[in-house]
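Take a look at the structure set out below.
Everything numeric in this text was worked out from a predicted model, so none of it was measured. Whatever order the structure lists them in is the order used to number ligands and atoms, beginning at 1.
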Amino acid sequence: MPRFQQVESGCCSSDGGDGGLVAKRYRVLQSLGRGSFGSVYLVQDTKTTDEEELKVLKQIPLGDLRPDETVRANQEAQLLSQLHHPAILSFHHSFLERDAFCIITEYCQDRDLDCKLEEVRRAGRSLPEIQVIDWLIQLLLGLHYMHDRRILHRDLKAKNVFLKRNLVKIGDFGVSCLLMGSCDLATTFTGTPYYMSPEVLNHHGYDTKSDIWALGCLLYEMCSLTHAFHGPNFLSVVMKIVEGETPTLPAAYSADLNSVLQRMLQKQPSSRPSAEELLKNKFMEENMQKLKDRFFFVSSEGEKDAELIAKKMQTKVHLQTLRERSEVEKMTPRERMRLRKLQTADEMAKRLRKLAEEKYDEIHSRRRELRSRHFEKLSLDVLHESREDGACQPISSQDHRSAGESQPIELQGDGRTSELHGIPEDPQAAEFYYQQDGFDSCSEDEETLYLSDPQLSDLQAMMKHMQKVLEGDLSGDPEEPEAPKNQHGPPMINCSLLETRIRRLRQSVCQRLGSEVFKELYENLKEARRLQHDGGEGRDGGDGGDDEAARPLVDEQEVGLQVDQLLFYEDELQRVRQLQEDKPV
Ligand SMILES: Nc1ncnc2c1ncn2[C@@H]1O[C@H](COP(=O)(O)OP(=O)(O)OP(=O)(O)O)[C@@H](O)[C@H]1O
C-alpha cells in the first residue's frame, strides 16, 4: 500500500500529511513505481526557488532500522546533498515522515535507461555509436567526480541511469550504502547479479574499479541491448562473470569502442582503468571534443529560443488582460472610447506577436534547411548503409572488424564530423539523435523548444567538465567549494535491512510457488550451491542447464533467479554476522 496518495486534478491530499503536503512542502502528484527499497513518487515542490518544481520522492519504510542507523542514514544523506555534477542526479533533501525515510531528488522526465533500451529493442532498432559514446562520456565524467570524492555507487545499472533531454544522470549514488549502513552489504543487496564484478563475487571487496566494471556492463548493454553476462539462473551468471570470456560488441560498433569495453571488463581490478584514464584515451578525447561542440551549439541556440518565447508569452498575457477589461468597461461613451484605444493597442500587440512569430519561423526554417541540406548530401550513403532486410543498424565512422557487413561512412575531407558544430555526420545517427534529445528546437511542439535555466546550466556545467578533461586538468575545481569527503570512517555493519529483504523475498516466492514447491526448489538450489562451492561437482554454472532436479520446478526463470538470490543473501548475512563476531570491540 502506498503511504502517500497522489492528488486528483491538482488538489492535494496525502493521508495525514500536513495540509496535504509531505514535509509541509511536497505535493504528491503520481506514483512512479516501486523499487527494491521502497516507493517512488513524482511530487511538486511548493517552495521551490529554482525553476524545477517537479521532483521525485523516494520513500523507504524504516522497518527494523534502529535509531542510530537512521541518524547515520541522515548524515550520509546530508553528505550526498552537497555534491553537484550534471551527470549525477541531484539529491535535494532527506527527512523522516511517518516511519519512512524520505529522499527528494531531481526528476528526469525521460525516465531511466532501462526503459529507453527496452523501447529501442522493441522497435527492432539499435543505438547509434555516437549516442552510446555521448552517454558513456557523461557517465564517466559523473563517475570520476564521485570517485574523486571517494564515493562509490555500488549499484550502477541501466535502471539507475536517468535521461533528461539527452543528458544522462546517475541516480542513487551512495544510496544503497546510505540505506544499508554497511557498504559491504550494500554491494550484495542490489537485487541483480548482472553488474556485479568478479572481485565482489569473490568477496575481495568493492572499490572504484567495481563501478567501472558495472559501467562496462552498461556499455555492452547499450550496444547489444542484452546483459553482458546472462544465464538462466543466478549461479550461471556468476560463473560467467568470474570465469567466462569477456564479450565483444556487435560488429557494427567500432573497434575503438570495443577496446574501451575490453579494458573496462578486465577481470583483475588492478588492470581495469579508472574513469580518469578512460576519459584521457585518444578516442574518447576526440569524441568528447565533438560532444562539447554539439552542446555548445545547442546551448547557445537554446538561449536565443528562450528569449523569443519569453517575449511571445508577454504579448499573450497583455492581450488577455486587454480583452477582459473591455468586457467590463463597455457601458458608457467614455468607456467605449477607452475600448477603442484598447483595440488599437490590441492590434499593435497582434502585429508585434506576428513579428515575433515570423522571426521564430525564420529561425525554424533556416535550421530545417541546414539540416535537410546536410542529410541530402548523405542520402546516397544511407541507401548504401541500409541492410538488405531493412533492419536499422548502428553505424560507426570506422569499423575495422566487419567491412563486409557495414560500410564505413566517409568523413569530410578534413576529418570533421559535420559542418554543423558536431551534428552527427551520419544521417541515420543524426535523425535518431535529434528525434530523442529534446534539445531539438525545430520541434513542432513549443514545449520542447524552451530550454529552462537548469537545463542550460547543466549543459554548460557539462561543457566545463569536458573542457577540463581536454585540458588535462582533472583535479578539483577551485571555483567550486571543496566537495565533502566521507568523514564517518568505515561504516558500521547493520543487518536489519538485509534480514527484512530476505524475509520479503522468501514471502514473495512462497506466494508465487506455494510453500511445498518453494521448499523443494530451495533445497535443490541450496544443494547445487553447496556442490558448486565444494569444487564444481554439481552444475558448472556455464549455461545453468545441468540442474535437472531443479529445472522442472522452475517454470519461470525469474522465480528461480529469486530463490538463487535468496540463498546468496542468506550466505552473505551469515558471513557478515561471522565478521561481526570476530571483530574486536
Ligand atoms: N529521479 C527520477 N526521475 C524519473 N523517474 C524515476 C526517478 N527515480 C526513480 N524513477 C522511476 O521510479 C521507478 C522506481 O524506481 P527505483 O529507483 O526505486 O526502483 P528501481 O530502479 O526500479 O529498482 P531498484 O530499487 O532495485 O534500484 C522506476 O520506474 C524509475 O524509472
Inset, instruction - Could you check which of I103, L54, N160, L32 puts a non-hydrogen atom nearest to atom 12 (O) of ligand 1? - result: L32
[X] to ligand 1: N or O pair under 3.5 Å?
X    : result
R34  : no
V56  : no
E106 : yes

Inset, instruction - Take every heavy atom of K169, measure it against each atom of ligand 1, and state whether any distance is under 4.0 Å. - result: no
Per-atom contacts of ligand 1 with [X], taking only distances under 4.0 Å to non-hydrogen atoms:
X    : value
V40  : 9 (C), 12 (O), 14 (C), 15 (O), 16 (P), 18 (O)
K157 : 24 (P), 26 (O), 27 (O)
T105 : 1 (N)
L89  : 1 (N)
K58  : 16 (P), 17 (O), 18 (O)

Legend entry - Contact list for residues 208-230, test salt bridge (charged side-chain N to carboxylate O under 4.0 Å, His left out), sequence neighbours left out: none
Legend entry - Presence of salt bridge, R506 and E570, under 4.0 angstrom: yes
Inset, instruction - Could you tell me whether R272 and E199 make a salt bridge, using a distance below 4.0 angstrom between a side-chain N and a carboxylate O? - result: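 E199 and R272: salt-bridged.
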Legend entry - Sequence-distant partners of K519, side chain to side chain contact (heavy atoms under 4.5 Å, CB included), two or more places apart: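 K519 satisfies side chain to side chain contact (heavy atoms under 4.5 Å, CB included) with no residue once adjacent residues are dropped.
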Inset, instruction - For the residue pair W213 and F229, categorise the inter-ring angle as parallel (less than 30°), tilted (30 to 60°) or perpendicular (more than 60°). - result: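 Aromatic pair W213/F229 classed parallel.
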Inset, instruction - Classify the ring geometry between H227 and Y194 as parallel (under 30°), tilted (30 to 60°) or perpendicular (over 60°). - result: parallel
Legend entry - Side chains of H93 and Y26, donor plus acceptor under 3.5 Å: yes
Inset, instruction - Heavy-atom distances under 4.0 Å are what count here, so tell me which part of R111 touches ligand 1: side chain, backbone, both or neither. - result: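 Under 4.0 Å from ligand 1, R111 contributes side-chain atoms alone.
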Inset, instruction - Report yes if the side chains of D458 and E106 come closer than 4.5 Å at any heavy-atom pair, otherwise no. - result: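 Contact flag for D458/E106 side chains = yes.
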